[in-house]
There are 2 protein chains.
Amino acid sequence: MPKKKKSTIQDIADQLGVSKSLVSFVLNGKSKEKRISDSMAKKVLEVAKRMNYRPNYLAKSLRTGRSQTIALIIADISNPFFAKMARFMEIEASKYEYKVIFANSDEDKEKFTAELSVLKNRQVDGFILIPPIGSEKELAALQKQKLPFVVVDRVFKNIDCPTVIINNYQAGYQATQRLIENDRRNIAILNVNNKLYTMQQRVKGYHDALMENGIATSPVLVKHLKFSHDKKLIMKAIKEIISAGADGLLFTTGKLTILGIECLMELGISIPEDISVISFDDMDAYRVTRTPISAIVQPLEQMSKEAITILMSLIEENTVAVENKNRVLDVDFVYRASCV
Amino acid sequence: MPKKKKSTIQDIADQLGVSKSLVSFVLNGKSKEKRISDSMAKKVLEVAKRMNYRPNYLAKSLRTGRSQTIALIIADISNPFFAKMARFMEIEASKYEYKVIFANSDEDKEKFTAELSVLKNRQVDGFILIPPIGSEKELAALQKQKLPFVVVDRVFKNIDCPTVIINNYQAGYQATQRLIENDRRNIAILNVNNKLYTMQQRVKGYHDALMENGIATSPVLVKHLKFSHDKKLIMKAIKEIISAGADGLLFTTGKLTILGIECLMELGISIPEDISVISFDDMDAYRVTRTPISAIVQPLEQMSKEAITILMSLIEENTVAVENKNRVLDVDFVYRASCV
DNA sequence: TTTTACTGCTAAAACGATTTAGCCATTTTC
DNA sequence: GAAAATGGCTAAATCGTTTTAGCAGTAAAA
């Protein structure tokens with residue numbers, strides 16, 4: 001069985017007895033520009049169809065220097081927050097005929113660096129990054145290499161690059177304000193990754209809301225966890241804030257919340273009777289918890305859209321409008337029974 | 001500012017005054033085989049490092065015919081079931097130095113076909129597919145084109161291709177059996193995508209369990225929905241089975257379950273007092289629902305691992321061992337308070 | 001009639017790697 | 001001492017495109 005070879009531009013040219021340049025021109029819609037006769041153009045198109053011609057993007061990319069591929073490096077695609085973002089990114093990228101390769105860093109700087117390196121080799125045209133703590137050097141290197149990239153959901157000190165984040169301070173402030181309005185005075189906050197500026201801002205918003213309402217802040221009510229996946233750590237923190245008399249609780253990530261709620265259930269603590277709860281990120285699960293959980297809704301679709309738009313402008317125009325360079329988006333809130 | 005060009009194999013060759021063939025041999029670890037002197041090999045490596053040489057994978061792939069990339073076409077990466085699978089696939093693929101490009105079909109045959117087409121053009125070495133209903137023709141075409149692919153989570157009539165699925169019949173059977181053991185006699189099943197063989201098997205397992213326990217099956221307790229994301233449809237179905245006196249309920253997907261539980265809550269129906277519940281797929285949410293939900297746990301990691309293994313063997317050896325061609329994996333069960 | 005312009009096309013270089021075939025000098029074998 | 005083997009390297013083809021420069025031939029302008 002003669003393995004039927006895939007047809008190339010040369011095959012089409014041979015069929016018609018013309019040069020492959022001509023075929024290439026026609027196939028790229030440059031017939032007019034390159035003054036190919038209509039009759040010839042038609043023939044080329046016909047033959048291409050008949051031979052079921054499919055352009056080889058490797059060759060195309062090698063020649064043009066564009067791979068029409070972007071890389072998305074997130075912490076973990078199995079985290080719904082990132083998965084949703086990935087989905088929106090893919091939708092948006094496909095509008096530009098771009099495909100996306102994804103990689104997971106697990107918030108590990110070494111992994112992140114390694115992934116970045118192999119993706120560079122693969123000649124992706126740009127990167128959407130959610131870099132782990134301590135990635136400043138990598139980002140600086142990307143800048144020096146003039147590789148297009150956009151940082152999402154995070155901000156890094158001393159790195160002046162395109163970013164898309166939410167107004168974390170505002171979100172933390174308003175959520176706290178809401179808990180205060182619910183007559184809560186011992187409001188705790190459960191946080192993770194506190195070395196990230198964006199996380200610090202969430203906590204700052206929380207602090208300022210308390211302060212401006214004349215409520216003293218208590219260090220024992222502010223918990224910074226090392227990981228969000230370790231239930232034991234979360235249980236310990238929750239026990240501590242409960243002992244300290246917490247009657248309100250703000251979770252700074254959805255992952256923390258799921259485990260946190262589980263702990264509260266196990267401890268027999270009622271929401272909102274014993275403790276009022278609000279969480280960053282709106283998870284599907286919040287609608288089916290014993291008490292539906294209120295959430296700070298990040299505009300994931302908009303974030304993704306803007307990030308891709310910026311990246312495409314970097315790739316195509318090699319620049320981005322100043323007013324778009326550092327986007328700070330407003331969040332939305334959905335209040336459910338967990339805080340009333 | 002002279003845009004510092006990326007260094008190529010030629011640059012290294014020029015530096016040392018040798019041929020690029022030599023450089024290529026050394027860089028690919030063929031020094032011994034190609035009898036390059038140790039001293040020269042060392043020099044090449046040094047210069048490569050000094051120039052920060054990074055191979056261009058486009059060029060490499062064009063020449064070798066291997067892109068070291070596989071495509072993953074699923075319904076929707078934002079669905080945790082697929083997202084987890086994607087994560088495991090990525091982990092496994094990276095062991096073979098493969099990257100994965102993902103695409104979403106939304107269970108739409110046209111989208112699926114379109115994605116398949118562009119990914120073929122991009123010269124991916126193989127596909128992991130979760131094809132929508134009615135994809136037989138596409139799969140047959142892939143076979144005729146001798147493109148390596150593995151179908152996961154689904155089976156298609158008349159398509160004899162490598163697959164990895166779970167034992168859906170067994171899973172449906174055992175879950176139903178468990179509900180029966182809980183003294184439930186009016187057991188309903190909420191299903192979706194019933195044109196899929198794998199879904200039919202879940203229902204068949206349900207039916208047979210009832211039959212073998214001498215319980216009459218009632219058509220009104222068997223609901224086949226068109227979509228899993230339409231809450232209204234689900235609400236309607238649930239109201240109907242409740243009116244019909246259902247005291248047990250088996251959901252055939254996690255997505256259905258989340259919305260289904262929400263409906264049950266809204267209707268003020270208690271789990272497991274009024275109705276005992278088991279669900280396919282183990283979602284994070286099940287641990288924080290009012291009543292924790294029992295689940296049929298699909299071995300996602302194993303499925304992903306086996307799928308990648310098969311695909312790699314197809315890519316590399318152009319064949320797969322018969323005993324591995326059609327894998328049927330056993331599921332696990334986690335029983336929580338929703339069925340006691 | 002010569003020049004200029006246009007029309008329709010082609011040849012060949014280039015992208016950055018891999019790989020085959022083979023060259024030249026030295027060493028080994030008989 | 002001639003033939004064969006070995007060691008260390010290179011030239012050139014190749015993968016499938018895009019793109020630049022330019023070549024005939026005819027038509028319009030001078």
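In what follows, chains carry the letters A, B, and so on, assigned in the order in which the sequence lines appear, proteins first and then strands, with residues in each chain numbered from 1. Since we're looking at a predicted model, the values are computed, not measured. These numbers come from the heavy atoms of this one structure, side chains and all, not from hydrogens, waters or symmetry mates.
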Next on the checklist: Show every salt bridge (charged side-chain N to carboxylate O under 4.0 Å, His left out) that has at least one partner inside residues 155-165 of chain B, sequence neighbours left out.
Outcome noted: Asp160(B)-Lys325(B)
Next on the checklist: I'd like to check the ring pair (Phe, Tyr, Trp, His ring centres under 6.0 Å) partners of Phe25(A); sequence neighbours left out, ordered by chain and number.
Outcome noted: none
Item to check | Atom pair distance, as rounded to whole Å: CD1 in Ile12(B) and C1' in dA17(C) | outcome: 12 Å
Next on the checklist: Distance check needed: dA17(C) P versus Gln68(B) CD, whole Å only.
Outcome noted: 15 Å
Checklist entry - OP1 or OP2 of dC9(C) less than 4.0 angstrom from a side-chain nitrogen or oxygen of Ser37(A), does that happen here? => result yes
Next on the checklist: Just the rounded figure in Å: distance from P of dG8(C) to CG of Leu16(A).
Outcome noted: 17 Å
Checklist entry - Going by heavy atoms in the side chains, are Leu311(A) and Pro148(A) under 4.5 Å from each other? => result yes
Show each protein N/O and nucleotides 4-7 of chain C N/O combination with a separation under 3.5 Å, one pair to a line.
none

Next on the checklist: As an exercise, state the distance from OG of Ser78(B) to CD1 of Ile77(A), rounded to the nearest 0.5 Å.
Outcome noted: 9.5 Å
Checklist entry - At what distance, to the nearest 0.5 angstrom, does CD1 of Ile12(A) lie from NZ of Lys20(A)? => result 12.5 Å
Checklist outcome for this item: A correct 5'-to-3' footprint of nucleotides 11-21 of chain D, with B, S and - meaning base, sugar-phosphate only and no protein heavy atom under 4.0 Å, is BBBBBBBBBB-
Could you pull out the protein-nucleic contacts involving nucleotides 25-29 of chain C (nitrogen or oxygen on both sides, under 3.5 Å)?
none

Next on the checklist: Just the rounded figure in Å: distance from P of dG16(C) to CG of Asp14(B).
Outcome noted: 13 Å
Item to check | Rounded distance [0.5 Å steps], CD1 in Ile308(A) versus OH in Tyr98(A) | outcome: 10.5 Å
Checklist outcome for this item: Applying ring pair (Phe, Tyr, Trp, His ring centres under 6.0 Å) to Phe102(A) and not counting sequence neighbours gives Phe102(B)
Checklist outcome for this item: The complete set of salt bridge (charged side-chain N to carboxylate O under 4.0 Å, His left out) pairs with one or both residues in residues 80-92 of chain A, sequence neighbours excluded, reads Arg87(A)-Glu90(A), Arg87(A)-Asp76(B), Arg87(A)-Asp106(B), Glu92(A)-Lys95(A)
Checklist outcome for this item: Taken to the nearest whole Å, CD/Glu33(A) to P/dC9(C) is 16 Å
Checklist entry - Quick one: side chain to side chain donor-acceptor pair (under 3.5 Å) partners of Thr163(A), sequence neighbours excluded? => result Asn326(A)
Next on the checklist: When you measure from the centre of the six-membered ring of Phe112(B), is the NZ or CZ of Lys109(B) closer than 6.0 Å and no more than 45° off the axis?
Outcome noted: no
If you look only at distance, which donor and acceptor atoms sit under 3.5 Å apart when one is on a side chain in residues 36-49 of chain A and the other is two or more places apart or in another chain?
| unit_1 | atom_1 | unit_2 | atom_2 | d |
| --- | --- | --- | --- | --- |
| Ser37(A) | OG | Ser39(A) | OG | 3.4 |
| Ser37(A) | OG | Met40(A) | N | 3.3 |
| Asp38(A) | OD1 | Lys32(A) | NZ | 3.3 |

Checklist outcome for this item: Taken in chain and number order and not counting sequence neighbours, the residues that satisfy salt bridge (charged side-chain N to carboxylate O under 4.0 Å, His left out) with Lys99(A) are Glu115(B)
Checklist entry - Taking five pairs at each end of the helix from dT1(C)-dA30(D) to dC30(C)-dG1(D), what angle separates the two helix axes (nearest 10°)? => result 60°
Checklist entry - Which residues pass the side chain to side chain donor-acceptor pair (under 3.5 Å) test with Lys30(B), sequence neighbours left out? => result none
